[in-house]
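To start, the structure under review is shown below, and the notes come after it.
Indexing begins at 1, ligand by ligand and atom by atom, following the structure's order.
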Amino acid sequence: MVDRANRPSALNAPSAAAPGPQVEITGSGAASKVTATLPSGESVQVLLYGATVISWKSNGGKTENLWVSEKAALDGTKAVRGGVPVVFPVFGPPPKSGHATSALPQHGFARNSRWEYLGKSTSEDALDSTSVKLDFGLYTTGLSEDAHKAWPLDFGLVYSVTLAKDSLQTVVNVRNEGEQSFEFQFLLHTYFRINDITKTQVNGLLGVQYIDKVLNASTHDQKDASVAITGEVDRVYKSIPQDTTTIVEGGSPRFDVVRDNLQDTVVWNPWIEKAASMGDFSPDDGYKNMICVEVGAVNGWQKLEKGEVFEGGQTIKSLL
Ligand SMILES: O=P(O)(O)OC[C@H]1O[C@H](O)[C@H](O)[C@@H](O)[C@@H]1O
């Protein structure tokens, strides 16, 4: 007779906890980065410098979705050319004079500041799909002396990067922690990796008005359902009614970019000459493998009174 009492039983044995997402911090100083990996292999990597997402792999970790220049500085000496730089509190060149951001460099200070890693949280949804959220913070006290002098206002930014199986969500929370009100712009400068720019289009902007920075900042209406890229493109699409912009490659949707409380989107590809003129853009023909679709609040200014908070972000879905 089998001695049931002594037989290990799969039912009675304490079940081993299912492995959760792994989070690892590597490197030191401004080159420190946080890497999160899901049990199914997807991963995200965030450099503390700029809280710049420098890698996002989906498809079990097999597909890199972001383009990062081979010459991008990843040591905290310069904003990263690629990934998802965070643009705050001004987009592009600041107003020449008369605005609180006027003394700041192009795209502000968030992408050149060292953020703090605030921690992770994990969750599981009803379909047993695991996700991991990484939080990063930047406060007045964390600014360089130069940045603080140029923008002497009290603020707090919390940036949350959430990795799920087929998506990445990046959301910012801006708080006015001072006595005075302030105005800002915000943008997520995402460099999407694609195989061939000549087969790539951006959909979801039909009927939207845009400023064409290549054509002397003139205003146009988007008349075609698809934006094809056949030369340098630098357009600011304003007040977009639809939530989703889709990057299509070879006729198939490749990425959905879903905006949350952000009304504008910049479409940028530097093409041959501009790519060659940027010292940190490599290889020279890398423009064929990237397209920036940058969600933001850049048309005019967001104003926060003392104690007020703004939240906005994107969810990007890899559709491979
Ligand atoms: O070279 P950066 O400061 O990183 O800016 C890169 C690009 O950012 C945005 O897409 C702007 O619309 C472009 O005008 C600018 O060239």
Side-chain angles (χ1 to χ4, degrees), residues 47 49-54 66-74 76-96 101-113 146-147 150 170 184-194 197 200 202 205 208-220 222 227 229 231-240 245 247 255 257 259 262-284 286-287 289-301 314 316:
L47 195 66
Y49 187 73
T52 316
V53 178
I54 50 171
L66 300 176
W67 183 87
V68 176
S69 164
E70 287 169 8
K71 287 195 188 150
L74 299 176
T77 52
K78 192 177 189 308
V80 178
R81 175 68 61 205
V84 189
V86 176
V87 169
F88 175 91
V90 63
F91 166 70
K96 287 216 166 54
T101 59
S102 291
L104 287 172
Q106 157 130 329
H107 295 338
F109 53 70
R111 65 175 180 165
N112 311 96
S113 297
D146 283 355
T170 59
F184 68 94
Q185 295 174 325
F186 167 72
L187 172 130
L188 294 164
H189 200 306
T190 311
Y191 289 72
F192 290 92
R193 172 172 282 280
I194 48 160
I197 191 70
T200 301
V202 182
L205 298 167
V208 178
Q209 205 175 57
Y210 64 91
I211 297 168
D212 195 326
K213 295 195 344 193
V214 176
L215 296 174
N216 294 320
S218 49
T219 300
H220 305 259
Q222 180 60 41
V227 181
I229 317 292
E232 184 185 350
V233 173
D234 191 356
R235 298 178 177 178
V236 183
Y237 286 87
K238 306 187 288 181
S239 308
I240 309 167
T245 309
I247 301 173
F255 296 103
V257 183
R259 281 172 293 102
L262 297 173
Q263 266 66 54
D264 312 316
T265 292
V266 177
V267 178
W268 182 62
N269 183 287
W271 211 249
I272 303 168
E273 279 161 31
K274 182 121 200 244
S277 75
M278 286 184 274
D280 61 352
F281 194 101
S282 178
D284 280 353
Y287 72 90
N289 302 118
M290 51 76 59
I291 183 162
C292 286
V293 172
E294 314 160 22
V295 302
V298 296
N299 180 31
W301 300 91
Q314 65 179 353
I316 44 189

Checking [X] side chain against [Y] main chain: does a donor-acceptor pair fall under 3.5 Å?
X      : Y      : value
Asn269 : Glu232 : no
Ser69  : Asp280 : yes
His107 : Phe91  : no
Asp234 : Lys213 : no

Atoms in ligand 1 flagged as close to [X], the criterion being non-hydrogen separation under 4.0 Å:
X      : answer
Lys274 : 16 (O)
Glu294 : 9 (C), 10 (O)
Gln106 : 2 (P), 3 (O), 5 (O)
Lys213 : 11 (C), 12 (O), 14 (O)
Val266 : 10 (O), 12 (O)

Which segment of Phe91 sits under 4.0 Å of ligand 1 when only heavy atoms are counted: side chain
Nearest protein heavy atom with distance in Å, relative to atom 8 (O) of ligand 1: His189 NE2, 2.7 Å
Protein contact to atom 13 (C) of ligand 1 [nearest heavy atom, distance to 0.1 Å]: Asp234 OD2, 3.1 Å
Check: Thr170/Gln314 side-chain N/O donor and acceptor closer than 3.5 Å: yes
Options His107, Arg81, Glu232, Lys78, ranked by nearest heavy atom to atom 1 (O) of ligand 1, top entry: Arg81
Passing option when Trp271 is tested against Val233, Val214, Ile229 for side chain to side chain contact (heavy atoms under 4.5 Å, CB included): Ile229
Pairing residues for Tyr49 by the ring pair (Phe, Tyr, Trp, His ring centres under 6.0 Å) criterion, not counting sequence neighbours: none
